[in-house]
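For reference, positions follow the sequence shown, starting with 1. From a predicted model like this one, the values you see are computed outputs, not experimental measurements. Counting starts at 1 for both ligands and their atoms, in listed order.
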Amino acid sequence: MKQVTLIPGDGIGPEITEAVKAIFTAARVPVAWEEENAGQTTFDSMGELLPESLLNSLKKNKVALKGPITTPVGKGFKSVNVQLRQMFDLYANIRPAKTTPGINSRFDKVDLVLFRENTEGLYSGLEIFDQRLQIADSISRVTRVGCEKIVRAAFEYANKHKCKKVTVAHKANILKNAGAMLLDVAATIAKDYPHIQMEDKIIDNMCMQLVMKPEQFDVIVTTNLFGDILSDLCAGLVGGLGVVAGANVGDEMAIFEAVHGSAPDIAGKGLANPTALLRSAIMMLHHIDLKDEAYRIEAALEATLKNREECTRDLGGNAGTKEFAQHIIDKL
Ligand code: NAI
């Protein structure tokens with residue numbers, strides 16, 4: 001049995017987590033969950049956003065599955081997600097976006113993976129606010145080491161999955177230093193993978209290309225904020241945040257997460273779609289080398305998604321969270 005830390009999170013988190021647990025039990029996946037929470041829920045009950053017991057569990061198990069966590073806008077605590085990424089140097093945010101038969105989207109041949117640098121750039125936490133002058137400085141710190149790690153991760157993935165092309169998205173025409181450094185690092189690392197084509201695109205053009213001709217992309221790598229925006233754009237190409245997986249991966253630890261938020265508008269109503277968390281859990285199974293289990297659950301999920309009636313409301317169906325999970329279990 002592989003021990004994995006399970007963070008249910010806030011809002012719809014516990015509901016979608018229960019669905020994933022039920023599917024894993026039915027599929028007899030050899031994973032033992034160690035449940036530890038974080039975020040608004042633990043803040044309300046224990047006065048702590050990131051309880052010590054959770055951090056110890058993560059350090060011990062080194063693999064986690066995480067539900068969404070509420071972050072107040074413009075005030076209150078620093079995002080728990082960002083804290084976890086920086087605390088454990090989870091430098092690669094990996095977001096696959098692939099067209100799924102049965103899920104409505106504008107395109108039918110999207111199959112790409114985005115690698116977003118996850119700890120630097122505008123998320124470095126270097127913020128200065130001059131109260132008197134009313135000036136806010138948000139400093140974007142990009143390091144060569146940080147660029148090297150994320151670009152290497154993208155090329156390694158492309159190599160392993162036999163992808164043909166890596167696209168580097170940047171703004172080197174304006175951000176002369178950070179952009180040039182990323183491009184220089186990418187050109188150097190690309191030499192180690194002569195069978196993989198490397199191209200670069202300025203971020204604004206990249207956005208246009210993605211919404212006009214997304215089939216041309218394979219693996220995309222970029223800095224933190226550009227990646228944050230592109231990753232949701234890519235989710236929009238294949239059906240939205242409710243259906244895409246995400247992973248935060250470092251050299252020592254990996255946290256797999258639903259990329260959507262805690263959806264307070266539907267929390268507790270049994271309506272949430274667990275697909276995003278389940279797909280993240282499937283990514284996790286590949287990561288811990290439980291590939292047969294990953295393929296089995298994926299096949300049952302894909303078969304369920306093809307039948308609109310069996311899907312949750314956000315996908316045009318009538319099923320609640322539990323019924324949707326049961327349809328998947330029935331197909332295992
Ligand atoms: P949200 O993703 O929670 O909700 C946006 C819309 O999508 C809502 O209408 C919601 O009902 C729907 N939705 C989201 N996930 C769904 C699911 N699995 N099934 C069915 N419908 C779903 O985004 P919002 O409202 O901007 O954020 C709410 C809270 O979540 C905020 O506190 C935000 O900071 C946090 N958040 C956390 C994230 C994380 O932990 N990774 C990511 C994004 C937001």
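- If you check each of Asn273, Asp314, Ile266, Leu271 against atom 22 (C) of ligand 1, the one with the closest non-hydrogen atom is Ile266.
- Ligand 1 has a nitrogen or oxygen under 3.5 angstrom from a nitrogen or oxygen of Ile69.
- With ligand atoms numbered from 1 in the order given, ligand 1 contributes 41 (N) to contacts under 4.0 Å with heavy atoms of Ala258.
- The pair Lys21-Glu35 counts as a salt bridge, with a side-chain nitrogen and a carboxylate oxygen less than 4.0 angstrom apart.
- For ligand 1, the atoms sitting less than 4.0 Å from at least one non-hydrogen atom of Ala272 are 19 (N), numbered in the order shown with element in parentheses.
- The side chain of Pro264, and not its backbone, has at least one atom closer than 4.0 Å to an atom of ligand 1 (non-hydrogen atoms only; side chain from C-beta on).
- For Asp265, a nitrogen or oxygen atom sits less than 3.5 Å from a nitrogen or oxygen atom of ligand 1, counting backbone and side chain alike.
- Taking distance alone, with nitrogen or oxygen atoms compared against 3.5 Å, Gly261 approaches ligand 1 more closely than that limit.
- For the pair Lys291 and Asp289, the salt-bridge criterion is met [side-chain N within less than 4.0 Å of a carboxylate O].
- Salt-bridge annotation for Lys171 and Asp204: present, with a side-chain N of the basic residue lying under 4.0 Å from a carboxylate O of the acidic one.
- Close approach of ligand 1 to Lys66 is summarised as follows: ligand atoms under 4.0 Å from at least one heavy atom of the residue are 40 (O).
- Ion pairing between a basic and an acidic side chain is recognised when a charged N comes within 4.0 Å of a carboxylate O; Glu34 and Lys60 show such pairing.
- Using a 4.0 angstrom heavy-atom cutoff, Asn81 counts as in contact with ligand 1.
- Remark: ligand 1 atoms within the under-4.0 Å shell around heavy atoms of Pro68 are 40 (O).
- The shortest N/O to N/O separation between Ala263 and ligand 1 falls below 3.5 Å.
- The local environment of CZ in Arg106 is sparse, with at most 12 non-hydrogen atoms from other residues, nucleotides or ligands closer than 6.0 Å.
- Annotation for Leu305 and Leu315: closest pair CD2-CD1, 3.7 Å, computed over non-hydrogen atoms.
- Contact check on Glu36 versus Lys66 returns no salt bridge, with no Lys/Arg side-chain nitrogen under 4.0 Å from an Asp/Glu carboxylate oxygen.
- Environment of CG in Asn177: sparse, with no more than 12 heavy atoms of neighbouring residues, nucleotides or ligands closer than 6.0 Å.
- In this structure, Ala276 has no heavy atom closer than 4.0 Å to ligand 1.
- More than 12 heavy atoms of other shown residues, nucleotides or ligands fall within 6.0 angstrom of atom CG in Asn307.
- Taking every non-hydrogen atom of Thr70 and a distance limit under 4.0 Å, the qualifying atoms of ligand 1 come out as 32 (O).
- Here the options are Asn224, Thr222, Thr223, the test is side-chain hydrogen bond (donor to acceptor under 3.5 Å, both in side chains), and the partner is Arg116; only Asn224 passes.
- Using a 4.0 Å cut-off to heavy atoms of Ile12, the atoms of ligand 1 that qualify are 15 (N), 16 (C), 17 (C), 18 (N).
- Within the 4.0 Å heavy-atom criterion, neither part of Arg313 lies near ligand 1.
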